[in-house]
Structures are given as structure tokens and as C-alpha cells.
Amino acid sequence: MAKTNNEIPYKIYLEESELPKQWYNLRADMKKKPAPLLNPGTGKPMTLDELSVVFCRELAKQELDNDTKFIDIPEEIYQFYKMYRPAPLVRAYFLERALGTPAKIYYKFEGNNTSGSHKLNSAIAQAYYAKKQGLKGVTTETGAGQWGTALSMACAFLNMDCQVYMVKVSYEQKPFRREVMRTYGAKVTPSPSNTTNVGRKILEEFPGTGGSLGCAISEAVEAAVSQEGYRYVLGSVLNQVLLHQSVIGLEAKAALDKYGVKPDIIIGCAGGGSNLGGLIAPFMGEKLRGEADYRIIAVEPASCPSFTRGTYAYDFCDTGAVCPLAKMYTLGSTFMPSPNHAGGLRYHGMSSTLSELYDQGMMEARSVEQTSVFAAAEQFARVEGILPAPESSHAIRVAIDEALKCKETGEEKTILFGLTGTGYFDMVAYEKYNNGEMSDYIPTDEDIAKSLAKLPKVPGEN
Ligand SMILES: *Cc1c(COP(=O)(O)O)cnc(C)c1O
């Protein structure tokens with residue numbers, strides 16, 4: 001029996017003992033599975049052995065496992081989770097009041113750790129499996145810096161070496177992020193750099209470039225495969241990352257179930273899809289099994305609209321084309337969002353799992369413009385207190401829009417959204433917004449067609 005309004009606390013905390021002991025693998029409940037990663041050389045699905053060259057073996061196994069529904073969270077990871085989990089589920093009473101909406105709004109807050117985002121949930125898992133395999137360290141890329149920070153924290157905890165290729169514009173614009181990583185012992189290199197072949201090649205072709213995520217990925221992969229005892233790790237997009245992030249949704253569902261609350265609409269921002277995939281996992285599982293129905297909305301920036309304007313096709317995951325091919329909603333690996341785009345979520349593609357679910361019509365997607373995102377961020381900050389990350393604020397925008405629709409129709413819908421992190425390192429973007437200097441940019445159809453024209457040719461596919 002659902003509780004009445006004032007019986008539900010502002011914050012619903014789970015007990016430490018209620019922290020999930022297993023991750024939930026959404027793919028196990030999908031009848032049509034996400035398309036496999038392909039070897040760009042042979043065009044055949046990547047085998048465990050091939051994947052194990054780049055990723056550590058246990059993670060490669062998780063990447064390929066479409067069938068095991070629940071996977072035990074190893075004890076060491078579980079102990080680490082306890083430092084900052086369970087994360088609170090908040091009933092946004094103050095936001096509801098400010099909006100004058102009959103809708104009931106809940107958000108799952110993942111910013112309660114130093115890295116300031118949900119990325120730590122997967123970082124500790126990936127560092128752990130690398131350590132268990134006896135490796136010396138891991139390499140990765142970071143854009144805005146949250147993933148690099150999370151991985152640095154995880155590696156420090158496990159005494160592993162951590163090498164981060166940071167997109168050069170961010171390296172220069174976010175010196176504090178960089179120093180947090182170095183404080184946790186990571187080695188941070190601005191990308192493109194002259195420390196890798198692919199970096200040197202990109203620098204030659206585009207001297208003075210500020211870099212991109214796709215390019216930093218290529219450098220990090222090269223660094224991993226050319227050093228003994230290193231593997232590459234990635235903070236989003238991959239199946240294994242969505243698996244680790246399922247802890248978000250499992251906790252959110254457990255907290256809602258305590259009070260008999262069932263969301264009507266679940267909203268999350270989508271860059272590579274990991275927080276959204278994690279948040280929706282148990283709910284989507286019910287939907288796939290025909291046990292319940294939910295409206296699920298992915299929110300992306302209008303300046304990098306993979307779901308809403310991209311194509312479902314095999315594409316490269318990185319600019320240097322060293323990674324396996326993934327079938328996903330993509331804008332093309334050569335797509336570069338406009339430099340005026342401030343709010344993160346700038347990856348050209350989207351998780352294969354979410355892409356397949358979107359293609360099956362199991363979820364919706366919406367794109368929003370950045371000035372409206374920052375307007376929502378400020379509205380939220382002023383009543384709920386938390387200074388949200390620009391990425392998270394995409395979800396806030398649509399949660400507010402849906403709550404305002406309820407105000408018009410008088411419907412008392414229950415809305416759940418993912419508040420993925422805090423925005424303390426994004427004050428340059430907030431400053432622009434506050435000064436009225438932020439503008440919106442929407443790529444033209446020609447811009448998108450240009451990068452889509454460079455999709456790889458895959459026999460039997462694109
Ligand atoms: C990285 C990040 C995102 C986007 O990544 P997903 O993989 O799409 O979840 C969203 N919010 C924050 C705070 C992030 O750091």
C-alpha cells in the first residue's frame with residue numbers, strides 16, 4: 001500500500017546492510033541482445049581472447065556475458081562501496097512546491113563522493129579486476145574529468161598505477177580537476193600528446209587542436225597495449241560499465257519499494273549511457289519481462305544528439321579507430337560538438353545496450369538546449385540546495401518539464417530522475433550562463449551527414 005505524501009521522508013536512506021550484493025545484468029532479460037562488438041580487421045565478433053588484449057579478462061567476460069542475470073559484487077568492491085553508498089534517494093518536496101505541481105518527484109543522488117559523480121561505481125570495479133589479474137596499472141581517457149578522478153581514487157585505494165589522458169581543453173580549463181587526480185597519485189597527460197603514435201599523428205594533422213574524447217581514447221588504448229602489465233579501462237558506453245552502474249537502480253528501486261512507490265516516468269541524462277543504463281536496469285528488467293510498465297526518457301544535449309538525430313549502425317568508438325566496432329546510435333566518430341557546448345555528454349555514440357532498447361521502442365529520447373539546461377540547474381540549486389553537474393541538469397530539465405505538464409493536466413505522476421553529480425568544477429560554464437554569454441548551438445543536418453558519411457563499411461550491416 002503506497003504511503004501518503006507526508007509519510008515519505010525527504011531523504012530515503014537504505015541501511016548499509018541493504019546495499020545490493022549483486023549487480024544486475026539487464027542483457028539477460030533482453031530477448032534480442034545488444035549487437036556484439038566487432039573486430040575491425042575481420043568484421044567478426046570480438047572473442048574473449050581478443051578482448052582480453054585490451055581489457056582485463058574478468059571485465060572482458062562481463063562485456064560478453066549476455067546471460068548471467070546477477071553477478072556477485074566482490075567483497076573488496078563491496079567494502080569500498082560502503083564508503084559512499086547506499087546513496088540517498090531524495091523526494092524533491094521543495095522543487096515540487098516551487099513548481100506548484102501535483103507530480104511527485106524523486107531523484108537518486110550520486111554526487112556524494114569526492115569524484116562528484118556516479119563514475120566511482122564502475123571505477124572501483126575495473127581497478128579491482130585489473131589488480132586481481134596481477135596487473136601494474138590502467139590507462140584511460142577523461143573529458144570533463146569525472147571519470148579520471150573516479151579512477152584515480154579507485155587506483156589509489158588499491159595501490160595501482162593510473163595513467164590518464166585528459167582532453168587538452170579540459171586539462172587547461174579545469175586545472176583543479178587535474179590536481180585532484182594528481183593528489184590521488186594519477187599521471188595526467190593532456191591529449192593529443194606526443195607520447196603516443198596516434199597522438200603524434202593527430203597533432204600533425206590538426207596542430208593546435210584542443211583534443212576530443214575519441215582522440216584521448218585512442219591514446220589511452222595505445223598506451224595500454226604498448227606497456228607490459230597495463231590494460232585500458234573506459235568509464236561509460238560498455239556493457240560492463242552499465243552492469244556496475246546497476247547498483248544505482250537497484251538501490252533506487254529498493255528505496256521506492258519500501259514506501260510502495262512506483263515511478264511512472266524515469267529520466268536520466270545520456271552521454272555514453274552508463275548512469276541511465278544503471279538507473280533504469282531493474283525497472284527495464286520488469287518492463288522486458290512484462291511485469292510492469294514505465295516511461296523511460298534519455299536526455300541528451302541538442303548539440304550532440306546521438307539518439308535523436310544519429311543513426312543505428314556499427315561505428316568506431318574512438319577517433320583513431322583502434323577500438324572494436326560497436327553497433328550504436330551514433331553521429332559518426334568524426335563528429336565534433338561545437339566548441340561552445342559546455343555541458344559534457346559530448347560522446348558521439350551511445351551504449352549498445354541502450355541503443356538496442358531504444359531501437360526496440362522500449363525507451364524514448366529527448367534533446368535539450370544548453371541555456372535551458374542551465375536555467376533548470378539554477379532553479380533546482382536554489383530550492384533543493386545541491387549544485388548540480390551540467391550533465392545531470394539535462395535530466396533536471398526534462399523532469400521539470402514533465403512536472404509542469406502534470407500541473408496543466410492535474411495528473412499526479414511520479415517522476416524519478418538520476419542526479420548523477422555535482423558541478424563544482426563546472427563554474428566556468430555557470431559563469432558564462434550567469435553573464436548571459438552562453439548560447440545554443442544545434443548542428444545542421446549537413447554537419448551530421450558529413451560525419452555519418454564516414455561510418456565504416458561493415459559487410460551485412462552498414
Ligand atoms: C560522465 C557523466 C555523465 C554521463 O555519462 P553516462 O555514461 O551517460 O552516464 C553524466 N553525469 C555526470 C555527472 C558524469 O560525470
Side-chain angles (χ1 to χ4, degrees), residues 87 107-123 126 140-153 164 166-167 170 174 177 180-181 213 216-217 233-249 266-281 296-301 304-307 317 326 328-329 337 341-355 357-358 363 365 367-368 373 377 380 386-398 417-426 429:
Y107 57 90
K108 179 73 172 163
F109 182 47
E110 289 291 323
N112 266 339
N113 67 75
T114 298
S115 78
S117 83
H118 65 286
K119 293 207 171 66
L120 198 53
N121 300 330
S122 185
Q126 297 194 45
T140 198
E141 77 296 330
T142 197
Q146 288 98 322
W147 168 244
T149 311
L151 190 67
S152 306
M153 289 174 70
V164 180
M166 185 170 188
V167 177
S170 301
K174 297 190 171 186
R177 237 332 151 197
V180 177
M181 285 184 255
L213 258 188
I217 295 176
V233 294
L234 176 63
S236 183
V237 185
L238 298 170
N239 294 330
Q240 56 186 279
V241 183
L242 268 71
L243 173 72
H244 307 146
Q245 295 297 356
S246 68
V247 69
I248 303 173
I266 306 171
I267 300 166
C269 63
S274 74
N275 87 82
L276 180 64
L279 175 68
I280 66 173
I296 293 170
I297 309 175
V299 191
E300 57 187 17
C304 193
S306 337
F307 266 144
C317 295
M328 55 188 175
Y329 275 84
H341 168 73
L345 310 176
R346 60 178 79 225
Y347 188 63
H348 66 273
M350 188 59 69
S351 142
S352 293
T353 301
L354 293 189
S355 291
L357 290 166
Y358 180 64
M363 53 187 279
S367 72
V368 290
V373 166
F380 179 85
I386 295 169
L387 178 75
E391 292 90 340
S392 323
S393 305
H394 288 70
I396 299 176
R397 173 73 273 158
V398 170
F417 75 89
L419 188 68
T420 50
T422 48
Y424 303 116
F425 290 105
D426 299 285

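Hydrogens, waters and symmetry mates are skipped; everything else that's a heavy atom, side chains included, is used. Counting starts at 1 for both ligands and their atoms, in listed order.
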Checking side-chain polar atoms at under 3.5 Å, does Thr420 have a donor or acceptor matched by the opposite partner on Asn275? no
Can you list the residues that meet the side chain to side chain contact (heavy atoms under 4.5 Å, CB included) rule with Ala377, with sequence neighbours excluded? Pro388, Ser393, Tyr430
Contact table ligand 1 N or O to protein N or O, d under 3.5 Å:
unit_1, atom_1, unit_2, atom_2, d
ligand 1, 7 (O), Ser236, OG, 2.4
ligand 1, 7 (O), Ser274, N, 2.9
ligand 1, 7 (O), Ser274, OG, 2.7
ligand 1, 8 (O), Gly271, N, 2.7
ligand 1, 8 (O), Gly272, N, 3.0
ligand 1, 8 (O), Gly273, N, 2.9
ligand 1, 9 (O), His118, NE2, 3.2
ligand 1, 9 (O), Ser274, OG, 3.3
ligand 1, 9 (O), Asn275, N, 2.8
ligand 1, 9 (O), Asn275, ND2, 2.7
ligand 1, 11 (N), Thr420, OG1, 2.7
ligand 1, 15 (O), Lys119, NZ, 2.5
ligand 1, 15 (O), Gln146, NE2, 3.3

Applying side chain to side chain donor-acceptor pair (under 3.5 Å), can you list everything that pairs with Ser152, at least two apart in sequence or on another chain? none
Determine whether the aromatic ring centres of Tyr107 and Phe380 lie less than 6.0 Å apart. yes
Can you say whether the rings of Phe307 and Tyr358 are parallel (under 30°), tilted (30 to 60°) or perpendicular (over 60°)? tilted
Applied to residues 234-245, the salt bridge (charged side-chain N to carboxylate O under 4.0 Å, His left out) test, sequence neighbours excluded, yields none
